[in-house]
Amino acid sequence: MTMSDTLLKVDNVTLRFGGVTALDGVDFEVRRGEILGLIGPNGAGKTTCFNVMTGVFKPTAGEVTFDGERVSGRAKYAITRLGIARTFQNIRLFPEMTALENVLVGTDARHKTSVVGALFRLPRVKAEAHTLPESGWRRTFALTFGVSRHIAEERAARAKALDLLSFVGIEGHADAQAKNLSYGDQRRLEIARALATEPKLLCLDEPAAGFNPAEKARLLELIRKIRDLGLTVLLIEHDMRLVMGVTDRLVVLEFGKKIAEGSPAEVRENPKVIAAYLGVPQDAA
Amino acid sequence: MMSKLRALDNRRLGFLSGIGDRWHALPKPWRIAFGLAFVVFLFALPRINIPFFRTVETDFTTVLWTVAIYVLVAVGLNVVIGLAGLLDLGYIGFFAVGAYSVALFGSPQSVLATKYPWLVCVPIAIALTMLSGVLLGWPTLRVRGDYLAIVTLGFGELIRLIAEKGDALTNGPRGIAEIPYPPGKWPAGVNSEWTGLDMFGPVTSLGWYWLTLVLVIVCMWAARRIEHSRVGRAWLAIREDEDAAEIMGVQAFRFKLWAFAIGAALGGLSGAIFAGKQNFMSSGSFELMTSILFVAMVVIGGSGNLAGVTLGAILVWYLPFKLQDFNITIDGERINFTEYRLLLFGLALIVIMTFRPQGLLPKRYRSSQPPAAAKEEVPV
């Protein structure tokens, strides 16, 4: 089996709401292991593009394929399980739940236990010796009869969630309710929750919005760390300096259309992009 | 005045969370011992004479049984409203389906005339209510919030109208009598007057109270297990933000349907107990007002918290009986507080929604966390 170089392909996607065309034949691909920036002025259709990729909207025409599988038409949770995770431009955590629980919900995307499993603690699975107490009857019992899949999943999920919280740097707030976290920590928690779903592609929707330069620098470092884990990152961002510093390639949208694509250096020199961001001087028109 | 009340209530919650912390700090054997002692206390409660607590006008054991059965209802409705956040205003419908299942399959008067014993009727009742929960949920759980509340309200009324007008099946307001009850006779030594009488018969409520208490404990244990699992987390996530939950991989529709089915099953079980105890079932037992009182006990107590909804059920169903003991006479006219209970609960709902929308015993109030309420303490 050959691993294709393309992870996600947005193929000629058009999305109309009544008379408004939000996306107009958008066409680009995300390559395995890269950090791709999706930029454009306000209202260009960047978030809409995310929404099409994650199943919130179904494209009017065209389709999205991920890792060889068709995305469009699948349920949202099914797309997550394919391996696309995202954060939101306006933070959408579960405010009353703790930081740890927020991440646990993410890990649940890969879990199998449901009502029956939780209630009757069935089926039993083989116990992993290193997760058990050193000695005592509990160890003997678990080694003989195994542990329930519910318990095994819960233990593994908890350990993984704590790891992820320290990965994004908020391990000290595991038991705080998400609504009580600071703004920056909430953004980090969203990233941890998305990572918990074990994605291949992580889509970040303006993760640096409202950050000061020091926080932005830490975020850049985090995004690079995520890429080094072997994930592919798709990044929507307004801050040009941040985008230029971290991305391998850029796709530029304006009014729902792709106007440019290429390396940051190429895009920066592209007259269409300059015009889109700075406007066209009157005398040049 | 308002801020003073708020400060007072925060102190009350602080005190409660202090007790909670101390409880969690106890070694496990102690907690088990205290828990068992409390359960024994609950079983012995009808025989313990606590002054003032005991009701005078109504048989105290019957009052305890009534409270216990509505605690069971509260545990079920808590899954639907408190955990999954689905406002169900027609919960009485499930209660009625459970009760009528027992009446129809058990009573010799019913058209089915199967005359199954009570113990056989209960699983049938639970299965039928779960089925009715899924049948109601399948089309309606696609709508959200207020719309769902209206649809469930309609369901409750629909069941009541079927009970009232469906003469052929339910015998309407004339009802179905001779509903079976569990077997068993009182052994000698409990009470000399009862020896040899049916344990669940019409003479005493004690057997029913004990049976209901056992079922309440089992159902609470089961509800806790589900709550502290992937399923419970999925419910909370759906309640908080359904779209975000789905994008994080939660199968929202499936888990909402589970919440409905589990809630319905517990409602059906309560209905089955109710029918067996009352021996008689008619359409008059399932008024819309009862459904609203169900929601009131979950909301007043603290939706999403088992201890909270239990407190809510106790307040809503014990207080009216207690108030009966305080009849006062003005100008020769006997004033009965019980008649004003709906007014009182209405007022209580307004006050609690204003001051403490999370209910009297909110979920997870630990002093180790910065209380959200304290942050809202900005003087208005």
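Below, read A as the first sequence line, B as the second, and so on, with proteins coming before strands; counting in each chain starts at 1.
B:W235 places no side-chain N or O within donor-acceptor distance of the main-chain N or O of B:E227, the cut-off being under 3.5 Å. Checked by atom type and distance alone, the side chain of A:E190 pairs as donor or acceptor with a backbone atom of A:F88 at under 3.5 Å.
A cation-pi arrangement, defined by a distance under 6.0 Å to the six-membered ring centre and an angle within 45 degrees of its axis, is absent between B:R6 and B:F355. Under the 6.0 Å distance and 45° angle rule, A:R74 does not count as a cation-pi partner of A:F66.
Within the 4.5 angstrom heavy-atom criterion, no atom of B:R224 approaches chain A. Residue B:A245 touches chain A through both its backbone and its side chain, counting heavy-atom pairs closer than 4.5 Å. Proximity to chain A involves both the backbone and the side chain of B:A237, based on heavy atoms less than 4.5 angstrom apart. In this structure, chain B has heavy atoms under 4.5 Å from both the backbone and the side chain of A:H111. Contact of A:R81 with chain B is made through the side chain alone, with heavy-atom distances under 4.5 Å. When heavy atoms are compared at a cutoff of 4.5 Å, A:T113 approaches chain B solely by way of its backbone atoms N, CA, C and O.
Ranking A:T80, A:V105, A:L93 against chain B, the residue ahead of the rest is A:T80, based on heavy-atom pairs under 4.5 Å. Between chain A and the options B:R230, B:H228, B:E246, B:R239, the largest number of non-hydrogen pairs under 4.5 Å is found for B:R230. Contact count against chain B (heavy-atom pairs under 4.5 Å) is highest for A:P95 among A:G106, A:A109, A:P95, A:A78.
With no hydrogens or angles considered, no side-chain donor-acceptor pair links A:N102 and B:R233 at under 3.5 Å.
With salt bridges taken as basic N to acidic carboxylate O contacts below 4.0 Å, one links B:E242 and B:R144.
Between A:F145 and A:F141, the two ring planes are tilted [angle within 30° to 60°].
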